[in-house]
Protein chains: 2
Amino acid sequence: MPYSAEHKQNSREQILRGAMTLFSRKGFANVSIDEVMAEAGMTRGAFYAHFKSKSVLYAEAVMFAALNSQIVTQLNADDTELSWFARVVDGYLDISHVDETVSPCPLAFLATDVASSDPEVRRAYTEVYKGLVKLFDQHRPPRLKKSDPDLNLAITALMIGGVAVSRALHDKTLVKKLLSSCRSVAHRLAQGR
Amino acid sequence: MPYSAEHKQNSREQILRGAMTLFSRKGFANVSIDEVMAEAGMTRGAFYAHFKSKSVLYAEAVMFAALNSQIVTQLNADDTELSWFARVVDGYLDISHVDETVSPCPLAFLATDVASSDPEVRRAYTEVYKGLVKLFDQHRPPRLKKSDPDLNLAITALMIGGVAVSRALHDKTLVKKLLSSCRSVAHRLAQGR
DNA sequence: GTCTATAGAAAGATAGAC
DNA sequence: GTCTATCTTTCTATAGAC
């Protein structure tokens with residue numbers, strides 16, 4: 001075998017990385033396998049040695065994107081719970097996230113796109129969302145957990161909605177106000193006020 | 001001329017109505033002109049007598065959808081401001097909206113889809129969003145307007161995000177909890193608590 | 001595993017008849 | 001204005017060489 005298992009793993013990861021970026025930016029249907037493979041430095045024919053179909057790639061890319069999003073990579077900092085929360089919320093609802101300067105979160109970038117996709121893709125999205133909510137639950141001040149156990153569902157929906165709407169808007173001034181308002185409200189909610 | 005201006009207007013509206021439904025459910029790229037025209041009771045060739053291109057149809061369908069959404073049609077009820085707000089929030093964040101039993105709101109159904117579309121489409125989306133925020137501002141208790149003038153941006157983002165995420169999720173139990181949490185938070189925010 | 005070549009299908013847009 | 005027929009492009013997926 002002229003190609004090592006490690007080589008295959010690397011190629012696979014390159015494909016997923018390119019797919020993540022392209023799908024997030026343009027949506028599933030607007031990205032061709034040609035584009036994905038070109039981004040990964042290969043050609044069309046090699047694709048099917050790694051994934052059975054474009055749909056399967058989509059589901060895996062959603063999972064992959066979640067692992068590489070800013071939120072997860074910021075997880076292991078050792079500061080207080082409140083500043084963890086503030087940092088995640090502010091980083092998520094930042095203009096650089098909307099503009100894709102940082103690694104985009106598929107929950108916000110692909111929400112309506114996933115809704116009209118295969119069950120497999122929606123399952124992947126659901127798992128990623130549950131992971132995000134669980135993360136928030138783990139970092140939540142214990143005194144607030146009992147009073148409103150599902151509050152983090154609304155907070156995450158606010159964050160995802162804020163970014164998703166911001167991307168769709170044409171008016172940059174409005175986008176800044178929207179993001180600012182979402183940050184403010186998210187902080188308020190997280191502090192139980 | 002064998003066809004009256006009224007006839008043309010009717011045909012045009014039929015096309016827009018079908019397009020609105022199909023685009024919302026499946027996204028722009030996953031809907032063909034064939035499908036739209038079949039839904040409107042015509043065939044492909046007649047399309048270009050009404051719209052210059054598929055993209056132009058998309059932009060107009062977004063505007064059209066906004067005029068026909070539940071929110072606007074509920075506008076002229078003569079009850080108190082608070083119950084107007086409660087009714088709109090609860091209607092929007094209802095499972096029947098997610099399941100498309102009622103006329104879907106393009107802001108929630110097409111958010112990420114629009115983000116990767118032509119400037120023309122994004123402009124239409126922006127206008128519709130501004131209209132929604134303005135509507136909320138008009139129904140807002142005056143005493144709250146000064147303290148946080150941009151609060152309605154976050155409230156609408158929460159509503160849109162709640163519906164968009166709900167559509168993408170595979171877990172119906174989680175969807176119900178998510179919608180419930182969003183309704184609860186939206187009410188709380190609207191009352192200035 | 002990756003390449004080039006190609007089969008086969010789908011869809012946007014146009015042409016011309018009625 | 002609406003129809004059928006067609007041009008043209010694009011894209012998924014497969015086949016076979018290396």
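Chain naming here is simple, since letters A, B, ... match the order of the sequence lines and numbering starts at 1 in each.
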**OP:** Provide, to the nearest angstrom, the distance between the OH atom belonging to A:Y48 and the P atom belonging to C:dT4.
**Re:** 16 Å
**OP:** Give the nucleotide from the list C:dA13, D:dT2, C:dG1 with an atom nearest to the side chain of B:H50.
**Re:** D:dT2
**OP:** Report the distance from atom CZ of A:R44 to atom P of D:dT12, rounded to the nearest whole Å.
**Re:** 9 Å
**OP:** For A:V36, answer base if it contacts any base atom (sugar-phosphate contacts may also be present), sugar-phosphate if it contacts only those atoms, and nothing otherwise; contact means non-hydrogen atoms under 4.0 Å.
**Re:** nothing
Subject >> Proximity to the side chain of B:S32 - top-ranked nucleotide from C:dG12, D:dA13, D:dC3 >> reply: C:dG12
Subject >> Stretch residues 15-30 of chain A: residues that reach within less than 4.0 Å of DNA chain C through a heavy atom >> reply: none
**OP:** Answer yes or no: does a side-chain N or O of A:T43 lie under 4.0 Å from OP1 or OP2 of C:dT4?
**Re:** yes
Subject >> Spacing of A:K54 atom NZ relative to D:dA13 atom C1', expressed in whole Å >> reply: 12 Å
**OP:** In whole angstrom, give the distance that lies between atom CG of B:D34 and atom P of D:dT2.
**Re:** 16 Å
Original post:
Between the side chain of A:R183 and the main-chain N/O of A:L93, is any donor-acceptor distance below 3.5 Å?
Top reply: yes
Original post:
Excluding sequence neighbours, so at least two apart, what forms salt bridge (charged side-chain N to carboxylate O under 4.0 Å, His left out) with A:D99?
Top reply: A:K172
Original post:
Out of B:K54, B:K26, B:R44, which one pairs with B:E35 under the salt bridge (charged side-chain N to carboxylate O under 4.0 Å, His left out) rule?
Top reply: B:K26
Original post:
Cut-off 3.5 Å, side chains only: do A:T112 and B:T112 have a donor facing an acceptor?
Top reply: yes
**OP:** Please answer whether the main-chain N or O of B:L107 pairs with a side-chain N or O of B:Y125 as donor and acceptor at a distance below 3.5 Å.
**Re:** yes
Using nucleotides 15-18 of chain D, report all nitrogen or oxygen pairs with the protein that are shorter than 3.5 Å.
none

Subject >> Pair A:Y58, A:S117: side-chain N/O donor-acceptor within cut-off below 3.5 Å >> reply: no
Subject >> Below 4.0 Å: OP1/OP2 of D:dT2 and any side-chain N or O of B:S11 >> reply: yes
Original post:
If you measure only the distance, is there a donor-acceptor pair under 3.5 Å linking the side chains of B:S55 and B:D118?
Top reply: yes
Original post:
To the nearest Å, how far apart are A:K52 NZ and D:dA13 C1'?
Top reply: 12 Å
Original post:
Is it true that a side-chain atom of B:S96 and a backbone atom of B:T101 form a donor plus acceptor pair closer than 3.5 Å?
Top reply: no
Subject >> Within 6.0 angstrom of A:K145 NZ, more than 12 heavy atoms from elsewhere >> reply: yes
